[in-house]
There are 2 protein chains.
Amino acid sequence: MATIRDVAREAGVSIATVSRVYNQTSLVSEPTVLHVRAVAARMDYWPNGAARSLITNRTNALGVLLPDLYGEFFSEVIRGIDLAARREKYQVLVSSSHSDTEALVAAVRSMRGRIDGLVAMAPDAHSAAAIRGFTRNFPVVLLEPGLEVGECGAISLDNYSGALEMGRHLLGLGHRGIATIRGPLGNVDAEERLRGFLAAFEEAEVPFNESLVIQGDFTESSGFLCAELLLKHRPRPTAVFAANDCMAIGLISALRDAGLRVPQDLAVTGFDDIAIAHYMSPPLTTVRVDAYELGDRAVRQLVPLARGTKGAQCTHEIVPTSLVVRASCGSNQVRSAEAARRRPGGRVMGGEASADIPDAGPREMPS
Amino acid sequence: MATIRDVAREAGVSIATVSRVYNQTSLVSEPTVLHVRAVAARMDYWPNGAARSLITNRTNALGVLLPDLYGEFFSEVIRGIDLAARREKYQVLVSSSHSDTEALVAAVRSMRGRIDGLVAMAPDAHSAAAIRGFTRNFPVVLLEPGLEVGECGAISLDNYSGALEMGRHLLGLGHRGIATIRGPLGNVDAEERLRGFLAAFEEAEVPFNESLVIQGDFTESSGFLCAELLLKHRPRPTAVFAANDCMAIGLISALRDAGLRVPQDLAVTGFDDIAIAHYMSPPLTTVRVDAYELGDRAVRQLVPLARGTKGAQCTHEIVPTSLVVRASCGSNQVRSAEAARRRPGGRVMGGEASADIPDAGPREMPS
DNA sequence: CCCCGGCATGTAATCGTTTACATCGCACCG
DNA sequence: CGGTGCGATGTAAACGATTACATGCCGGGG
């Protein structure tokens, strides 16, 4: 592969001139620029990124650390990150699926010297601390961090408000025997969603039966398995709020197997508004979270820090969530319309999937 | 940030010794290793990746070029790539959403010197040529390339066979008025799926009415819009094969709006087996493609090339696809069972979504 | 006519590593 | 007791770029 020296020799100029052509062209005379460019093109030359970042101490790359890549949520996060990064002329170095803190530390270490900033999602407080420890004086934006964020930026989803709204909605429909399937202990999202949900009861001064908090782990299968516990409970609850859509889907399958109708016998709601939620029968009442926005905002905040722009500040941003009322909660049309009026983003569904006109955006799905 | 020189000074050894500790530890005495490691840990030192790759000419990173990141398909491809790369101790530099060949070339250029190999998916022949032109003597594996692959590796989905099977299946159900919604012109997947589908007719010596090939573009909205053309056609077709699930979903929505029942009035099938296909009502008969496998195999083939392992060969691998019979094609139970026996991977569905037990894998969806 | 300033270009130091080669000391053997 | 060989460590030359500084040229003003 041709180096700057080869091009310089071939073009009959010094390496400084070639370098300048690729950096501050203004300092080189027009004919020289043209000549060098032509020679470089012929030799298939392009500046070596590693050498460049060694001397400039800038890599034009951002690191991304995610706990996993599976599923729609992460897919959207990374899409948000990628598009924002591309817009800002940054490349993206991803690393995911860190089984433990050890692996995560290794990943952030091996990014040393290859990135100008880091977007990281730490599934638990332990790894969040590890990331922060390894990145002193280094631009970092955390996604969905635990409570205390140190000296780095952070973007959170408004899990609390979303769950609060969901609680209000179910109470507003007249439900009193309400259960919830919570997410894993220690998971920030899970805790916040539970906290927000319970707040709705407090607000309405309706007592909440603690035995109706069922432990799930965000997987579809855990939702499926929770059905048994739920149906054994007496009096049987009339509504269930699952802390994410996957568990809601698993639960609904199990309920059907048990011969129960949703929402007539038991109302079910979720959280996340994944694509399937919209197409299920009955369509799932849920809380929309904008994962794309999460990634996009993270990069927006990170880039000035990475560039060393003076005045760039770390802040803690909150991405809003919104209740999406569909049929699975047993809400009637009037209620749905009300909900839609309050929250412009919410799609409104009749009792039947066919009533919902599909998204007709410019999104492509080339395979 | 501490450099190797700082650590050497602090530990009272030469930089060579420090370097050796991080590379071939065997050449350094045990006490020295321990000492250097301790000092390095205290100073928060880790070798700078850029400097390292400059001298070794290896980056331990692979580049990934995708046309987009939206949707389940790409999400899975990238997950396959990421996991395989992590297994092989490679990092992943992604770049997607290249609107045109120009942007794509810029992306591959800027990866120069930062990666040891490239996995690229070129949406059309034009950009495939661009990628190959810019990567002479450089390890490349193309995903879903056009017909002719040069001197680089390639992984394709068996679109042809999947579509052929789908054609056989619909013909086997007794359908004769069959339409298809094809994907974009020039798109490799689209062409192959159409070719395979038509081959089924040829094989069965059933004539295919060319006016029943409708142009779609792989989006849900295009499927929705195709309904009109389809329903205008006389005699009205009894079955439609959409070249991907998104279009099938759009089509089904439109048919419902028109008051038609699927599959009784019109059978609909898709291609891809995205997650939603499984949960729709009726569940969608489709062809499963394993996007994860596509990414995984690409990296598996690329790594030896990137490592310069002698004997590493470029090959053209084909990832199999399989028919998944569900309710949307009007197949009865017997037929479904037959299909399942022939193809172990296929899920079997009764006439109702509830009959399908959800995947209960270890997959997590932490938010 | 000479000097000065500015523009175009060249020279060389530098970034943080790896690694071939040199050096050094020690144990072993003759 | 001296030479030899080897294991541990040091010295210094790369790697491919950027950029401060030096140089050289040319035109204009005193």
Side-chain angles (χ1 to χ4, degrees), chain A residues 1-37 39-40 43-61 91 109-116 138 307-308, chain B residues 1-37 39-40 43-61 91 109-116 138 307-308:
Chain A
M1 198 126 295
T3 73
I4 197 171
R5 236 170 288 272
D6 301 326
V7 175
R9 188 175 350 96
E10 192 76 7
V13 296
S14 74
I15 59 168
T17 300
V18 177
S19 176
R20 279 190 275 255
V21 166
Y22 284 89
N23 297 288
Q24 327 109 25
T25 304
S26 61
L27 295 183
V28 188
S29 73
E30 184 74 9
T32 313
V33 170
L34 261 40
H35 179 224
V36 169
R37 284 233 134 95
V39 172
M43 300 180 76
D44 192 27
Y45 167 81
W46 194 258
N48 180 301
R52 220 173 197 177
S53 45
L54 182 58
I55 186 83
T56 59
N57 209 24
R58 309 197 58 263
T59 62
N60 286 306
Q91 298 194 78
R109 260 182 171 157
S110 69
M111 284 184 170
R112 181 84 55 106
R114 309 193 110 106
I115 56 173
D116 295 335
F138 190 79
R307 292 226 169 92
Chain B
M1 200 127 292
T3 75
I4 197 172
R5 234 170 290 271
D6 301 326
V7 175
R9 188 175 352 96
E10 192 77 8
V13 298
S14 74
I15 59 168
T17 301
V18 177
S19 176
R20 278 190 276 257
V21 167
Y22 285 89
N23 295 288
Q24 327 109 25
T25 304
S26 60
L27 295 183
V28 188
S29 72
E30 184 75 8
T32 313
V33 170
L34 261 40
H35 179 223
V36 169
R37 284 235 135 94
V39 172
M43 300 180 75
D44 191 26
Y45 168 78
W46 195 258
N48 180 301
R52 221 173 197 176
S53 44
L54 181 57
I55 186 84
T56 59
N57 209 23
R58 309 194 57 261
T59 62
N60 287 304
Q91 298 194 78
R109 259 182 171 158
S110 70
M111 284 183 169
R112 180 84 56 103
R114 311 192 108 106
I115 56 173
D116 295 336
F138 190 80
R307 290 225 170 91

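Note that the structure is a prediction, hence the values are computed from the model and not measured. No hydrogens, no waters, no symmetry mates; every other heavy atom, side chains included, goes into these values.
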Select base, sugar-phosphate, or nothing to describe what [X] touches, counting heavy atoms under 4.0 Å on all strands.
{"X": "A/Thr32", "answer": "sugar-phosphate"}
{"X": "B/Gln24", "answer": "sugar-phosphate"}
{"X": "A/Asn23", "answer": "sugar-phosphate"}
{"X": "B/Val28", "answer": "sugar-phosphate"}

Check whether B/Tyr22 forms a cation-pi arrangement with B/Arg37 (NZ or CZ under 6.0 Å from the six-membered ring centre, at most 45° off the ring normal). yes

Walking DNA chain D from its 5' end, the first of B/Val13 and B/Ile55 to be reached, judged by nearest nucleotide, is B/Val13

For A/Ile4 and B/Ile15, find the nucleotide of DNA chain D closest to each by heavy atoms; which residue's nucleotide sits nearer the 5' end? B/Ile15

Evaluate the side-chain proximity of [Y] to [X]: yes if any heavy-atom separation is below 4.5 Å, no if none is.
{"X": "B/Arg20", "Y": "B/Val36", "answer": "no"}
{"X": "B/Asp44", "Y": "A/Arg112", "answer": "yes"}
{"X": "A/Asn23", "Y": "A/Arg52", "answer": "yes"}

Presence of [X] side-chain N/O under 4.0 Å of [N] phosphate oxygens OP1/OP2:
{"X": "B/Thr3", "N": "C/dG16", "result": "no"}
{"X": "B/Thr56", "N": "C/dT19", "result": "no"}
{"X": "A/Tyr45", "N": "D/dA17", "result": "yes"}
{"X": "B/Ser19", "N": "C/dT18", "result": "yes"}
{"X": "B/Ser29", "N": "D/dT9", "result": "yes"}

Could you tell me the separation between the [atom1] atom of [X] and the [atom2] atom of [N], rounded to a whole number of Å?
{"X": "B/Met1", "N": "C/dT17", "atom1": "CE", "atom2": "P", "value": "11 Å"}
{"X": "A/Asn48", "N": "C/dT17", "atom1": "CG", "atom2": "C1'", "value": "14 Å"}
{"X": "A/Asp116", "N": "C/dC15", "atom1": "CG", "atom2": "P", "value": "18 Å"}
{"X": "A/Leu27", "N": "D/dT18", "atom1": "CG", "atom2": "C1'", "value": "13 Å"}
{"X": "B/Leu54", "N": "C/dT19", "atom1": "CG", "atom2": "C1'", "value": "14 Å"}
{"X": "B/Arg9", "N": "D/dG10", "atom1": "CZ", "atom2": "C1'", "value": "16 Å"}
{"X": "B/Arg58", "N": "C/dT19", "atom1": "CZ", "atom2": "C1'", "value": "16 Å"}
{"X": "A/Arg52", "N": "D/dT19", "atom1": "CZ", "atom2": "P", "value": "9 Å"}

Given [options], identify the nucleotide with an atom nearest to the side chain of [X].
{"X": "A/Ser14", "options": "C/dT11, D/dA17, D/dG10", "result": "C/dT11"}
{"X": "A/Arg5", "options": "D/dA17, D/dT18, D/dG10", "result": "D/dA17"}
{"X": "B/Ala16", "options": "D/dT18, C/dG10, D/dT11", "result": "D/dT11"}
{"X": "A/Arg20", "options": "D/dG16, C/dT17, D/dA20", "result": "D/dA20"}

Could you tell me whether the side chain of A/Arg112 has a donor or acceptor atom within less than 3.5 Å of a complementary atom in the base of C/dG16? no

Which heavy-atom pair separates B/Gly113 from A/Ala50 by the least distance, and what is that distance? O-CB, 3.6 Å

Checking A/Glu10 side chain against A/Val39 main chain: does a donor-acceptor pair fall under 3.5 Å? no

